[in-house]
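Protein chains get the first letters and strands the later ones, always in sequence-line order, with residue 1 at the start of each.
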Amino acid sequence: MQQEIICTNCPMGCHVIVTLEGDQIVSITGNTCPRGEAYARAEVTDPKRTITTTVGIIGGGVLPVKSDRAVSKRRISEFMEKIHQVYAVRPVHIGDKLIEDLDGDGANLVATQNAE
Amino acid sequence: MNKVDLVIIGGGPAGMGAAVAAYDAGVRDILVLERDHRLGGILEQCIHNGFGLHRFKEELTGPEYAWRFEKELHARGIAYRLNTMVLDITPDKVVTAMNSEEGVFQIQAGAVILAMGCRERPRGALNTAGTRPAGIYTAGTAQRYINIMGYMPGKKVVILGSGDIGLIMARRMTWEGAKVQMVLELMPYSGGLTRNIVQCLQDNNIPLLLSHTIVDIHGKDRVEGVTIAEVDERRQPKMETAQYVECDTILLSVGLLPENELSKKASVPLDPMTSGALVDQRRMTEVPGIFACGNVLHVHDLVDYVSEEAEIAGRGAAAYLGISGENYGAEDQAHITVKPAKGVRYTLPQRISAVEDTTVFFRVTDVHKAVKVVVKADGEVIQSRRRPRVAPGEMETVNLNAKTLADCTGKTLTIEIEEV
Ligand SMILES: Cc1cc2nc3c(=O)[nH]c(=O)nc-3n(C[C@H](O)[C@H](O)[C@H](O)COP(=O)(O)OP(=O)(O)OC[C@H]3O[C@@H](n4cnc5c(N)ncnc54)[C@H](O)[C@@H]3O)c2cc1C
Ligand code: SF4
């Protein structure tokens, strides 16, 4: 089986072809540089994304937050449900943790804006 | 009247970057005027990440990027006033502003930097007949509703225009539980970054329909659906392809326009191609002592370039004020004109007034693979460089060093794209 991945590491946007036998990668072609290979490999096995969203602040307002590492893309809706249950308390500052170990793999949910 | 060496209008990334650079070049008497209740500009609502890859080699969200600069302002003790709206600027740099504490006040500035950013193209871009039910928003307005006010504008969404803000909002609304039916793009290619097409649309199985548009909006009080159709090469809808799509919300992501009402009041001449001021390599407009940078000058897709440009303007203002001791003044010493030619939509700067290393930014008109960027002086090739790929959505640059420019005084430089 072949999967086509567009590398997003730089504006070249190479179309990288990953050939699979079962879940084994047998070849990766089409990338212009090694970053493209690493990216395509991750995309096929367990793609990761950073979550950016907002949580409510007690007493009003919303606070932008993010996962401080990329998390498994396939589980994003599960993480979003968890995130929707938390509220921030003023004052809160950039980098403050709102959820520790969001994904069971060490990613935390942190504030990305200050709210005094 | 109060006197201030350097007045900066707008406290977004452009205004803050210019303030820090001017300070570091020796200017101490600086005042930033910002109409919002905080610094940061539009970045405060851009909560997604991807900012600062060039500059900080890490992916920050908009507010985090802005905070890096705000800290720099605080560290230098640079003065700023919030909730302060600038109403007028005269060509001799009298700035009139207003806030609730001081009322209307005037400042005589030694130099001014315009950093008012841009706004979205108005709704008029949607050329459909009939009434306008509720549920139609620009992508940026929806972004503000969700990310600042915490209010979801709808549940079933069609997005018109594949600019980056629309793509980002497609993912944002999907993650928040809305169903984004599709993104329609009038042109045969997307104006957004590949990265956003992959991570915002493909990741969430949202179809991108190129060469498509909305031809009719249904619903009386609230949007209930749209009729969409494919368009031909002349961008006319092919009515035989028309189909109905259910939705309660339409987002328009149809481009940004520099916000130059104040520049016009100061008699600053504008470039019809950028809708921003005509500037020299230091970002000084044709009005001596008035500079411009950031989205008010031309629309940037990466904030990193906004910061870079802001620093050029900040240092330029310091030089103009005679504070940084550089050889730069209002007097044009080089008389070099820079013009777009084949395949290039605009260049920035549009003139070079002193022989010094200069980076010219430009945008191409079409997507090309494998091209040469050719620079000519009065028709003669002086520089040529290969590029693997160029696209209208991504800003390009050419570097011209002082040695090259020394032979170009009085000439017209053109930048063009040649296929190879
Ligand atoms: C809705 C929207 C979303 C965007 N999303 C992205 C994105 O996802 N990624 C990206 O890289 N770029 C994005 N951009 C582009 C972004 O604007 C630039 O990257 C960058 O923020 C521009 O910086 P700036 O300082 O020039 O303008 P801005 O950030 O717009 O700052 C201008 C500031 O000037 C102030 N101002 C204006 N007029 C006056 C006045 N008369 N008196 C006082 N103050 C005034 C405004 O309040 C504002 O704070 C977006 C733009 C818009 C409009
Ligand atoms: S493979 Fe390398 S060159 Fe191609 S898009 Fe990815 S990072 Fe860029």
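- Using a 4.5 Å cut-off between heavy atoms, B:Ile146 touches chain A through its backbone atoms (N, CA, C, O) alone.
- Heavy-atom proximity under 4.5 angstrom to chain A picks out nothing from residues 361-372 of chain B.
- Contact between B:Arg195 and A:Thr8 at its shortest, heavy atoms only, is CA-CG2, 3.6 Å.
- Summarising the geometry, atom CD belonging to B:Glu59 is positioned 6.0 Å from atom OG1 belonging to A:Thr50; distances are rounded to the nearest 0.5 Å.
- Between A:Thr52 and B:Arg172, the shortest heavy-atom contact is O-NH1, 4.1 Å.
- Listed by sequence position, A:Ile76, A:Met80, A:His84, A:Ile94 are the residues of residues 75-99 of chain A in contact with chain B, using a 4.5 angstrom heavy-atom cutoff.
- Each of B:Met149, B:Gln45, B:Gln202, B:Glu44 has some count of heavy-atom pairs under 4.5 Å with chain A, and the biggest count is that of B:Glu44.
- Along residues 54-69 of chain A, the residues that come nearer than 4.5 angstrom to chain B, judged on non-hydrogen atoms, are A:Thr54, A:Val62, A:Pro64, A:Lys66 in order of number.
- Note that OG1 of A:Thr53 and NE2 of B:His48 are 13.0 Å apart. Values are rounded to the nearest 0.5 Å.
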Exercise answer: donor-acceptor pairs, residues 20-36 of chain A side-chain atoms, under 3.5 Å, sequence neighbours excluded:
from	atom 1	to	atom 2	distance (Å)
A:Ser27	OG	A:Thr19	OG1	3.2
A:Asn31	ND2	A:Cys33	O	3.1

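- If you measure heavy-atom distances from B:Asp203 to chain A, the contacts under 4.5 Å come from both the backbone and the side chain.
- One distance of note links CD1 of A:Ile51 with CZ of B:Arg171; it measures 10.0 Å at 0.5 Å rounding.
- A:Tyr39 and B:Val198 get closest at one heavy-atom pair: OH-CG1, 4.3 Å.
- Counting heavy-atom pairs under 4.5 Å between each of B:Pro63, B:Gly150, B:Gly40 and chain A puts B:Pro63 at the top.
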